[in-house]
Amino acid sequence: MNLQNIPQIKHTDSGNFFLLAGPCAIEGEEMAMRIAEKIVTVTDKLQIPYVFKGSFKKANRSRVDSFTGIGDEKALKILQKVSKEFGVPTVTDIHTNEDAAMAAEYVDVLQIPAFLVRQTDLVVAAANTGKTVNLKKGQFMSPESMKHAVQKVLDSNNQNVMVTDRGTMFGYQDMIVDFRGIPTMQQYATTVLDVTHSLQQPNQMTGVTGGRPDMIETIAKAGIVVGVDGIFIETHFDPANAKSDGANMLHLDYFEGLMTKLVAIRKTINQF
């Protein structure tokens, strides 16, 4: 995938990793704009190619009373406004074939959730929009098996595809990152490490996913050292009260410090 095929992406000649970051879900316009403003300021300062991330709806939830969104069109219009206001591309998840064409009217990258990445019709629907497609590796899948998901996009005459490792199930209630999978998947497509979802602790009795945000810096640093192409991080100014995935999100206050460290590591790694 040529990163420059993503509309409005900046700093592609900086030698840095690229970044997909933002809140888990769009909770409202004010919160989305506040998070975007902070991240854009930092990524421009550090010259990190950046794509704003926000789910316009959340379909994969443990409980029926969990937050799923503020309304599809309302959330998609907020993503569109973020893109126009800050001059950055955007990415959102899709869950049904119909979502693909609808979301493609508002965002630049369509993301296939990990639980759905084997759904051929969904992957093909995303590819057929012509948008860049981000395939999240299923927690239950090997790195090698992602070759076939990538091929579905390529066979749909769309070369703009990336894969994202978001951890692998380690028992019933924990995730682990096998860093050997990054160079394996890089044989098939541009590869991203989803740091925050890799630190989830799913399947809790409460029906609310737990997490280990204290390990975000560790996993992110390791990913950069291994040579991952991009980093995916969910962040919020109030994770404790976020409506989705707050337990594993990075507090926005720590964002610049972490990015500064990762850029320094990337600069060192680029020398080898």
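The shown structure was predicted, so the numbers you read here are calculated from the model rather than taken from an experiment. The analysis underlying the following values was restricted to heavy atoms, covering all of them including side chains, and did not include hydrogens, waters or symmetry mates.
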Any side-chain heavy-atom pair of Tyr106 and Glu73 under 4.5 Å: yes
side-chain contact (heavy atoms from CB on, under 4.5 Å) assessment of Glu85 paired with Glu37: CA-CA 9 Å; Glu85 289 282 328; Glu37 181 177 24; over 6 Å; no
From His95 atom NE2 to Phe115 atom CZ, the distance as rounded to the nearest 0.5 Å: 10.5 Å
Phe56 backbone acceptor or donor facing Thr92 side chain under 3.5 Å: yes
Closest approach of Val177 to Ser198 (non-hydrogen atoms, all atoms of both residues): CG2-CB, 3.5 Å
Atom pair CG (Leu116) and CG (Leu122), whose distance is rounded to the nearest 0.5 Å: 6.0 Å
Heavy-atom closest pair, residues Leu110 and Ala103: CD2-CB, 3.8 Å
Under 3.5 Å donor-acceptor, Thr129 side chain and Ala125 backbone: no
Backbone of Lys243 reached by a side-chain donor or acceptor of Glu27 within 3.5 Å: yes
Asp108 versus Val88, closest heavy-atom pair with distance: OD2-O, 4.4 Å
ILVMFWY cluster, Tyr50 and Val82 together (side-chain gap under 4.5 Å): yes
Heavy-atom check, side chain of Lys136 versus side chain of Pro113, under 4.5 Å: no
Side-chain (Ser83) to main-chain (Pro89) donor-acceptor, under 3.5 angstrom: no
Criterion side-chain contact (heavy atoms from CB on, under 4.5 Å) on Val91 and Lys53, from CA distance to verdict: CA-CA 5 Å; Val91 55; Lys53 184 269 169 184; 3.7 Å; yes
Under 3.5 Å side-chain donor-acceptor pair for His236 and Asn241: no
Side-chain heavy atoms of Ile35 within contact of Thr235, under 4.5 Å: yes
Trace of the salt bridge (charged side-chain N to carboxylate O under 4.0 Å, His left out) decision for Glu256 with Lys38: CA-CA 9 Å; Glu256 183 170 1; Lys38 174 65 175 180; 3.8 Å; yes
Geometric class of the His197/Phe232 ring pair [parallel <30°, tilted 30-60°, perpendicular >60°]: tilted
Side-chain heavy-atom pair Thr268, Arg266 within 4.5 angstrom cut-off: no
Side-chain donor or acceptor of Asn248 paired with backbone N/O of Thr196 under 3.5 Å: yes
Hphob cluster co-occupancy, Ile176 + Phe179, side-chain heavy atoms under 4.5 angstrom: no
Point-to-point distance, once rounded to the nearest 0.5 Å, from CG of Leu20 to CG of Asn134: 6.0 Å
Worked check of side-chain contact (heavy atoms from CB on, under 4.5 Å) between Thr96 and Asp99: CA-CA 5 Å; Thr96 67; Asp99 284 349; 3.2 Å; yes
Under 3.5 Å donor-acceptor, Ser14 side chain and Gln47 backbone: yes
Side-chain donor or acceptor of Lys10 paired with backbone N/O of Asp44 under 3.5 Å: no
Check: Lys58 and Cys24 side chains under 4.5 Å, non-hydrogen atoms: yes
Closest contact, heavy atoms only, Gln139 versus Ala114: OE1-CB, 3.4 Å
Transitive ILVMFWY side-chain link Leu19 to Val226, under 4.5 Å: yes
Asp214 and Leu199, any side-chain heavy atoms less than 4.5 Å apart: no
Shortest non-hydrogen contact between Lys152 and Val123, atoms and distance: CB-CG1, 3.9 Å
Side chain to side chain contact (heavy atoms under 4.5 Å, CB included), paired with Ile265, selected from Val225, Thr260, Asn270: Val225
Distance, nearest 0.5 Å, that separates CG of Asn157 from CD of Gln159: 8.0 Å
Whether Lys57 side chain and Ala75 backbone form a donor-acceptor pair below 3.5 Å: no
Option from Val263, Ile231, Ile224 for which side chain to side chain contact (heavy atoms under 4.5 Å, CB included) with Asn16 holds: Val263
Non-hydrogen atoms of Pro23 and Phe52 that approach each other most closely: CD-CZ, 3.6 Å
Gln80 atom CD, neighbour heavy-atom count above 12 within 6.0 Å: yes
Any donor-acceptor pair under 3.5 Å from Gln186 side chain to Gly227 backbone: yes
Flag for Asp229-Thr190: side-chain donor and acceptor within less than 3.5 Å: no
Phe86-Met31 co-clustered via ILVMFWY side chain contacts under 4.5 Å: yes
Residue from Val228, Leu135, Val192, Asp165 passing side chain to side chain contact (heavy atoms under 4.5 Å, CB included) with Met185: Asp165
Neighbour count above 12 (heavy atom, 6.0 Å) for Phe140 CZ: yes
Residues Asp93 and Ser55: side-chain donor-acceptor under 3.5 angstrom: yes
Main-chain N/O of Ile6 paired to Asn160 side chain as donor or acceptor, under 3.5 Å: no
Verdict with supporting geometry, Leu3 and Met1, side-chain contact (heavy atoms from CB on, under 4.5 Å): CA-CA 6 Å; Leu3 199 62; Met1 184 193 79; 3.7 Å; yes
Name of the residue among Glu29, Glu30, Met33 meeting side chain to side chain contact (heavy atoms under 4.5 Å, CB included) with Ile78: Glu29
Value rounded to 0.5 Å, distance of CD in Glu105 from NZ in Lys77: 12.0 Å
Spatial distance of atom CD1 (Ile219) from atom CD1 (Ile233) [nearest 0.5 Å]: 11.0 Å
Side-chain touch Thr43/Met259, heavy atoms, less than 4.5 angstrom: no
Pair Lys137-Thr168, side-chain donor/acceptor within less than 3.5 Å: yes
Shared hydrophobic cluster, Ile182 / Val117 (ILVMFWY, side-chain heavy atoms < 4.5 Å): yes
Close side-chain approach of Gln187 to Lys147, heavy-atom, < 4.5 Å: no
